[in-house]
Amino acid sequence: MTAKMSNREYTTRHCIPDSEAPFSKEEYAERLERIRSVMEAKSIDLLFVSAPEGLYYVSGFLSDWYQAQSPMIWPPTSGIAIHRESGRTMHFETEAEEMLVQFTSVSQDLRILRDSESSLIEFIAAELASAGWLSGTVGLEMFSYRPNRGHSELFEAAVTTAGAAVVDATDILRNVRRIKSPRELEYMREAGRFADIGMAAARDALKVGATELEIHAEMTYAMIMAGGEPAAIQLPVTSGKRTAAPHAAASHKKIQPGENVLVDICGVSRCYHTNLARTFSMGEPHPAVAAQIEKSSGLFTDLPQILKPGMRVAELTGFARDYYKEHGLWQDRGWVGGYELGIAIPPDWDGPFTYDADIDPGDATLDPGMVINLESDVYLPKGAGSSLVINTMEFSDTSVARLTQFPDGLQVIE
């Protein structure tokens with residue numbers, strides 16, 4: 001006689017939602033081959049992926065909770081092991097996430113910790129050792145916030161005790177992710193459309209007496225209703241003197257007549273982020289303030305004359321530096337630079353590749369498939385705080401395109 005299946009067993013075995021993986025199995029397979037190629041070049045036999053962005057890139061796995069600041073008995077050490085020689089992967093998780101892995105990821109070999117008396121770290125090390133995967137060099141993502149220092153050290157100790165040599169391999173996934181596939185670029189273009197919708201909603205909601213949080217709510221609502229997703233950072237909205245601190249969180253402060261308002265957003269599609277920022281004035285600004293903002297946004301008017309796929313980053317930073325000096329902005333610069341955009345999961349949307357006009361980028365190039373933003377940030381006269389203008393650019397095989405269409409210049413709210 002067969003024992004009756006519990007509700008728990010029936011649900012986790014037979015009630016799996018339809019797949020939500022954002023890419024085809026073929027694309028994930030191609031990504032795996034590129035990762036293995038880099039592992040080969042770096043003589044790494046096993047790569048353990050723990051960063052949320054990496055887990056999403058490798059398999060599609062996506063969660064609202066990665067245990068980053070959890071109680072110590074819930075270690076943030078789940079992840080995906082990639083074995084270079086065999087091309088196989090193992091996806092390690094706890095029972096609580098077993099169903100989530102099955103409908104968000106394409107992972108086939110799931111290793112689920114079911115013994116509550118066991119440590120997740122010990123379980124992973126034992127499974128890898130049993131498969132013979134810990135006899136060589138293991139790469140860990142040591143510059144990821146996940147796992148945190150304490151659990152990372154315990155994980156490394158368990159792996160080395162099993163006989164592996166451990167090296168830092170943080171850059172493998174970060175560098176492979178830099179060049180976007182056609183499907184990734186489609187998501188980023190869609191994210192740009194959402195960013196334009198959000199910025200238009202912010203503009204329409206701006207009025208004296210509204211709070212920064214109310215503007216935040218309106219633009220977030222507009223993007224979600226258009227098909228977008230929440231961003232990896234709380235969208236900054238700052239006004240008045242607070243604009244000089246552009247990373248301040250939107251607050252209950254009420255917007256006053258004559259103030260500037262900075263709105264910095266990312267449209268999001270399938271976790272892919274496209275950045276857009278603008279400066280608004282509540283009524284006609286002082287002429288000197290308006291002139292400073294227009295000069296700052298003018299960088300983007302002149303920029304197309306030098307943009308081309310494969311260009312050296314130094315050409316872009318040199319152009320921006322020369323423009324700022326020629327227009328008298330250099331001494332008032334905030335940040336003149338940018339960073340890679342793509343997959344982002346809270347708490348950050350900055351990509352791993354960054355550049356600015358104060359740093360020598362060496363021989364780095366902006367290759368087809370890369371997506372970066374560029375910020376033109378300046379401090380303003382008359383104690384008006386600062387201005388922020390940001391656009392996102394896609395480098396294709398033949399051209400460079402902006403992914404948003406919202407006007408660059410100062411936006412005056414009557």
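The two residues Asp168 and Thr170 have their closest heavy-atom pair at OD1-OG1, 2.5 Å. Nearest heavy atom pair, residue His91 against residue Ser107, reads ND1-OG, 2.7 Å. A pairwise comparison of heavy atoms in Leu47 and Ala169 identifies CD1-CB, 3.7 Å as the closest pair. For the residue pair Arg36 and Ser86, the shortest heavy atom distance occurs at NH2-C, 4.2 Å. Minimum interatomic distance between Met219 and Pro236 (heavy atoms only, all atoms of both residues): CE-O, 4.5 Å. Across all non-hydrogen atoms, the minimal contact from Tyr145 to Pro346 is OH-O, 3.6 Å.
In this structure, the side chain of Thr160 engages the main chain of Ala157 through a donor-acceptor pair within 3.5 Å. Within the 3.5 Å criterion, the main-chain N or O of Ser181 finds a donor-acceptor partner in the side chain of Glu184.
Atom CE of Met311 is separated from atom CG of Leu366 by 6.0 Å, given to the nearest 0.5 angstrom. Taking CG of Leu134 as the start and CZ of Phe48 as the end, the distance is 10.5 Å to the nearest 0.5 Å. Residue Arg312 holds its CZ atom at 9.5 Å from OG1 of Thr365, rounded to the nearest 0.5 Å. Here the straight-line distance linking atom CD1 of Ile293 with atom CZ of Phe280 works out to 11.0 Å at 0.5 Å rounding. To the nearest 0.5 Å, atom CG of residue Asp322 and atom CG of residue Leu299 are 11.0 Å apart. In this structure, NZ in Lys253 is found 3.5 Å from CD in Glu259, a value given to the nearest 0.5 Å.
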Check against side chain to side chain contact (heavy atoms under 4.5 Å, CB included), Val371 and Leu403
CA-CA 9 Å; Val371 179; Leu403 299 186; 4.1 Å; yes
Just do the salt bridge (charged side-chain N to carboxylate O under 4.0 Å, His left out) check on Arg183 and Glu27 with the steps written out, would you?
CA-CA 9 Å; Arg183 187 62 172 146; Glu27 178 151 343; over 6 Å; no
May I have the step-by-step check of side chain to side chain contact (heavy atoms under 4.5 Å, CB included) for Asn260 and Met282, ending in yes or no?
CA-CA 6 Å; Asn260 285 340; Met282 304 306 294; over 6 Å; no
How far apart are the C-alpha atoms of Arg114 and Glu98, what are their side-chain angles, what is the distance that settles it, and do they pass the salt bridge (charged side-chain N to carboxylate O under 4.0 Å, His left out) test?
CA-CA 10 Å; Arg114 302 189 187 281; Glu98 181 176 8; 2.8 Å; yes
Phe23 and Tyr57: ring pair (Phe, Tyr, Trp, His ring centres under 6.0 Å), yes or no, with the steps?
CA-CA 9 Å; Phe23 298 93; Tyr57 184 81; 8.0 Å; no
One pair to check against side chain to side chain contact (heavy atoms under 4.5 Å, CB included): Ser78 and Glu97. What are the steps and the verdict?
CA-CA 10 Å; Ser78 57; Glu97 310 299 353; over 6 Å; no
Start with the C-alpha distance between Ser296 and Ser376, add both sets of side-chain angles, then the distance that settles side chain to side chain donor-acceptor pair (under 3.5 Å), and finish with yes or no.
CA-CA 6 Å; Ser296 174; Ser376 182; 2.7 Å; yes
Does the pair Arg88 and Asp109 meet the rule for a salt bridge (charged side-chain N to carboxylate O under 4.0 Å, His left out), with working shown?
CA-CA 8 Å; Arg88 290 175 52 202; Asp109 188 350; 3.3 Å; yes
Applying side chain to side chain contact (heavy atoms under 4.5 Å, CB included) to Val58 and Ile82, what does each step give before you reach the verdict?
CA-CA 9 Å; Val58 170; Ile82 300 174; 4.3 Å; yes
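Neither side chain, Tyr323 nor Trp330, offers a donor N or O lying under 3.5 Å from an acceptor on the other.
Remark: His216 engages no residue in a ring-ring contact (aromatic ring centres under 6.0 Å, His included) (not counting sequence neighbours). Applying the ring-ring contact (aromatic ring centres under 6.0 Å, His included) rule to Phe103 yields no partners; only residues at least two apart in sequence or on another chain are considered. Residues passing the side chain to side chain contact (heavy atoms under 4.5 Å, CB included) test with Thr77 are Pro75, Leu120, Ile121, Pro147, His151, Phe155, sequence neighbours excluded.
Put simply, the side chain of Ile179 reaches to within 4.5 Å of the side chain of Asp367, judged on heavy atoms. Looking only at side-chain heavy atoms (C-beta outward), Leu341 and Tyr272 stay at 4.5 Å or farther from each other. By the 4.5 Å heavy-atom criterion applied to side chains, Ile372 and Leu316 are counted as neighbours. Annotation: side chain of Met370 is in contact with side chain of Arg178 (closest heavy-atom distance under 4.5 Å). Using a 4.5 Å heavy-atom threshold, the side chains of Leu374 and Ile390 count as separate. Counting only heavy atoms from C-beta outward, the side chains of Asn391 and Asn373 never approach each other to under 4.5 Å. In this structure, Asp377 and Ser386 have side chains that are not in contact, with every pair of non-hydrogen atoms separated by 4.5 Å or more. Using a 4.5 Å heavy-atom cutoff, the side chains of Pro22 and Tyr56 are in contact.
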In residues 192-203, what donor-acceptor pairs under 3.5 Å come from side-chain atoms, sequence neighbours left out?
residue: Asp196; atom: OD1; partner: Gln405; partner atom: N; Å: 3.1
residue: Asp196; atom: OD1; partner: Phe406; partner atom: N; Å: 3.0
residue: Asp196; atom: OD2; partner: Gln405; partner atom: N; Å: 2.8

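For Glu33, the CD atom counts as densely surrounded, since its 6.0 Å shell holds more than 12 non-hydrogen atoms of other residues, nucleotides or ligands. Sparse packing is recorded around CZ of Arg8, with 12 or fewer heavy atoms of other residues, nucleotides or ligands lying under 6.0 Å away. The environment of Lys254 atom NZ is sparse: at most 12 non-hydrogen atoms of other residues, nucleotides or ligands sit within 6.0 angstrom. Annotation for Trp74: atom CH2 does not count as buried by contact number, only 12 or fewer foreign heavy atoms lying within 6.0 Å. Annotation: Lys308, atom NZ; neighbour count of heavy atoms from other residues, nucleotides and ligands within 6.0 Å is above 12. Counting heavy atoms of neighbouring residues, nucleotides and ligands inside a 6.0 Å radius, atom NE2 of His14 exceeds 12 of them. Within a 6.0 Å radius of CD in Glu85, no more than 12 heavy atoms belonging to other residues, nucleotides or ligands are found.
Residue pairs meeting the salt bridge (Lys or Arg N to Asp or Glu O under 4.0 Å) criterion with at least one member in residues 224-242, sequence neighbours excluded, are Glu212-Arg242. Counting only residues at least two apart or in different chains, salt bridge (Lys or Arg N to Asp or Glu O under 4.0 Å) contacts with residues 42-57 comprise Asp45-Arg84.
Phe123 and Phe92 have perpendicular rings, their planes meeting at more than 60° on a 0 to 90° scale where under 30° would count as parallel.
Taking the six-membered ring where the residue is Trp, the centroids of Phe319 and Tyr324 are separated by 6.0 Å or more.
Only one option out of Leu100, Ile345, Leu55 pairs with Ser63 in a side chain to side chain contact (heavy atoms under 4.5 Å, CB included); it is Leu100.
A salt bridge links Arg278 with Asp408: at least one charged nitrogen is closer than 4.0 Å to a carboxylate oxygen.
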